[in-house]
Amino acid sequence: MPEPLAAATAVVDELVGDRAGAWDLAGEIPVALLRDLGARGLLCAQVGAASGGPGFTSHDNGELTAHTGSRCSSLRSVMTSQGMAAWTIQRLAAPEQAAALLPQLVEGRLAAVGFSEADAGSDLSAMSTSLIADGDGFVLTGRKVWVTGASYADLLVVFAICEGGAAAVVVPASAPGVRVERVADPMGCRAAGHAHVSFDGVRLPASSVLGGPGLPLPLLVTAALTYGRISVAWGCVGILRACRQAAARHAASRAQFGKELSGHQLVQRHLAELFVAEQVATQACGHASDCWEAGSPGLVLATVLAKHVGAGHAAQGASRAVQVLASAGTQDGHAVARAYRDAKLMEIIEGSSEICQLILAEHAVATAE
Ligand code: FAD
């Protein structure tokens, strides 16, 4: 493991310790910890040295994301949001905008990304949040839902309809007209700071519109989701690692019917399938990161594939881990119980499993000979 990555995972280990279960039950990660991790550049570790970031490769950032996900999916979710905000800025912003914003993100200011709305979930073309030119600035009006990390965020990257196209705009969470309402009792990733955010005529300078107004919505959404999907996929690898290890440890240490659980063939099947799931998800993520490093035209498809494979295997793998631990793993707050709830959400976010299947099916048809 490269030295900077080893140091980064050690920081995560030190900061998380054995507290992830308590954060999950409390529904909150201490914000000072998030700022600490953020100020070390580790919430968006692919940001390069020119902006003050660690400049990790996609692989190393993926490994950091997986490691974080193996410890705490809520923290990994906040990491994904910060990284997605940073990547959206890198992809869309003019150089002077990027120079102003990226250093803030690697100095510990926290960011979240809002695209979903009550009537625009899978179908983001139904988005109605508007950004309208007014004098020398813009006015933002609308409501985003389920924004991960929004209750911790200083900055929100918001997608809106604008001038016959769309725009991504950076909004200070403290701006007049912004209202953040915490999502009560999410079923998983409970400490990830999910919130609904309303924008009631929020006035913004023209410099806050990334790359200018009137861009194609699919371009904006694809920019954000490409990072979001690969990050969630690596997070799923982390869930699978944690589940495989917890299941294997338990199966080797508890005996029933006169021998260890790991000696019973039906339990062995669960362990084998967990190992396969972890390996397959890791390979799919590795391929997506290879495409990222190479700037391959296959990147978008590879991230959809990795996210779909990772999420499906994480949901099934977490279920298997709970089955192996049985009563020992079913108490709220236990790592595998938490993984079970967290993993299900991975099949919904950043393009649900069905939306991923639609994209993969379209590719299957388009490449048929
Ligand atoms: P719907 O779009 O209503 O879909 C309902 C069901 O119908 C799903 O199973 C879906 O797959 C299926 N479906 C829909 N259309 C089709 C179709 N054409 N063919 C087949 N099946 C279809 N949003 C943000 O903007 N930022 C965030 O940070 C963020 N974080 C989130 C974190 C969590 C934990 C959750 C639960 C959500 C988050 N979201 C976020 C919102 C998320 O992106 C949406 O929930 C997701 O896009 C699905 O939208 P929806 O919930 O409205 O479901």
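Just so you know, ligand 1 is whichever comes first in the structure, and atom 1 is the first atom listed for that ligand.
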task: For atom 52 (O) of ligand 1, grab the closest protein heavy atom and report residue, atom and distance to one decimal in Å.
output: Gly121 CA, 3.3 Å
Full working for salt bridge (Lys or Arg N to Asp or Glu O under 4.0 Å) between Arg241 and Glu63: CA-CA 12 Å; Arg241 274 185 202 163; Glu63 274 300 329; 3.0 Å; yes
query: Which protein non-hydrogen atom lies closest to atom 39 (N) of ligand 1, naming both residue and atom, and how far is it?
result: Trp146 O, 3.3 Å
field: Sequence neighbours excluded - salt bridge (Lys or Arg N to Asp or Glu O under 4.0 Å) pairs with any residue from residues 262-286
entry: Arg244-Glu278
message: At less than 4.0 angstrom from any non-hydrogen atom of Ile349, what atoms of ligand 1 do you find?
response: 31 (C), 32 (C), 33 (C), 34 (C), 35 (C), 37 (C), 38 (C)
message: Pairing donors with acceptors under 3.5 angstrom, does anything connect the side chains of Glu117 and Ser128?
response: yes
- request: Start with the C-alpha gap between Cys44 and Val106, add the side-chain angles, then the distance that decides, and say whether side chain to side chain contact (heavy atoms under 4.5 Å, CB included) holds.
  value: CA-CA 7 Å; Cys44 50; Val106 294; 3.8 Å; yes
query: atom 9 (O) of ligand 1: which protein heavy atom is closest, and how many Å away?
result: Glu354 OE1, 3.4 Å
- prompt: If you measure from each non-hydrogen atom of Ser352 to ligand 1, which part falls under 4.0 Å: side chain, backbone, both or neither?
  reply: side chain
task: Please report which non-hydrogen protein atom sits nearest to atom 16 (C) of ligand 1, along with the residue it belongs to and the distance in Å to one decimal place.
output: Ile355 CD1, 4.0 Å
query: Short list, please: which atoms of ligand 1 are under 4.0 Å from a heavy atom of Gly114?
result: 25 (O)
- prompt: Strictly by modelled atom types, are Thr80 and Arg76 linked by a side-chain donor-acceptor pair under 3.5 Å?
  reply: yes
Heavy atom of protein inside 4.0 Å of atom 12 (C) of ligand 1, strictly below: no
field: Remaining members of hydrophobic cluster (4.5 Å side-chain criterion), Leu15
entry: Met1, Leu5, Val11, Val12, Val16, Trp23, Ile29, Val31, Leu33, Leu34, Leu37, Leu42, Leu43, Phe56, Leu64, Leu75, Val78, Met79, Leu110, Tyr152
field: Heavy atom of protein inside 4.0 Å of atom 32 (C) of ligand 1, strictly below
entry: yes
query: Looking just at side-chain N and O atoms, do Asp123 and Ser125 make a donor-acceptor pair shorter than 3.5 Å?
result: yes
query: Has ligand 1 got any nitrogen or oxygen that is less than 3.5 angstrom from a nitrogen or oxygen of Met84?
result: no
field: Contact partition for His194 relative to ligand 1, non-hydrogen atoms under 4.0 Å
entry: side chain
query: When only distance counts, is Asp123 in polar contact with ligand 1, meaning an N/O pair under 3.5 Å?
result: no
- line: One finds that the ligand 1 atoms under 4.0 Å from a non-hydrogen atom of Thr148 are 27 (C), 28 (O), 29 (C), 30 (N), 31 (C), 32 (C)
Gap between atom OG1 of Thr9 and atom CZ of Arg71 - 0.5 Å precision: 10.0 Å
query: Which atoms of ligand 1 sit under 4.0 Å from any heavy atom of Ile348?
result: 45 (O), 46 (C)
Atom 53 (O) of ligand 1 - nearest protein heavy atom and its distance: Ser122 OG, 4.3 Å
message: Among all the protein's non-hydrogen atoms, which is closest to atom 18 (N) of ligand 1, and how far away is it?
response: Leu358 CD1, 3.7 Å
statement: Leu345 heavy atoms within 4.0 Å reach ligand 1 at atoms 34 (C)
statement: re atom 24 (C) of ligand 1, the protein heavy-atom contact at minimum distance is Ser116 OG, 3.4 Å
4.0 Å protein heavy-atom contact status of atom 27 (C) of ligand 1, strictly under: yes
task: Mark the output for Pro186 as yes if a heavy-atom distance to ligand 1 is under 4.0 Å, and as no if none is.
output: no
- request: Output the distance between atom NE2 (His334) and atom CG (Asp24), rounded to the nearest 0.5 Å.
  value: 12.5 Å
task: Return the minimal non-hydrogen interatomic distance between Pro172 and Leu204, and the atom names on each side.
output: CD-CD2, 4.1 Å
message: Closer than 4.0 Å to some heavy atom of Val113 - which atoms of ligand 1 meet that?
response: 24 (C), 25 (O), 26 (N), 27 (C), 28 (O)
query: Between Ser289 and Trp234, does any side-chain donor sit less than 3.5 Å from a side-chain acceptor?
result: yes
query: Do any non-hydrogen protein atoms sit less than 4.0 Å from atom 7 (O) of ligand 1?
result: no
field: Asp332/Arg190 salt bridge by N-O under 4.0 Å criterion
entry: yes
field: Short N-O contact, Asp200 and Arg179, less than 4.0 angstrom
entry: no
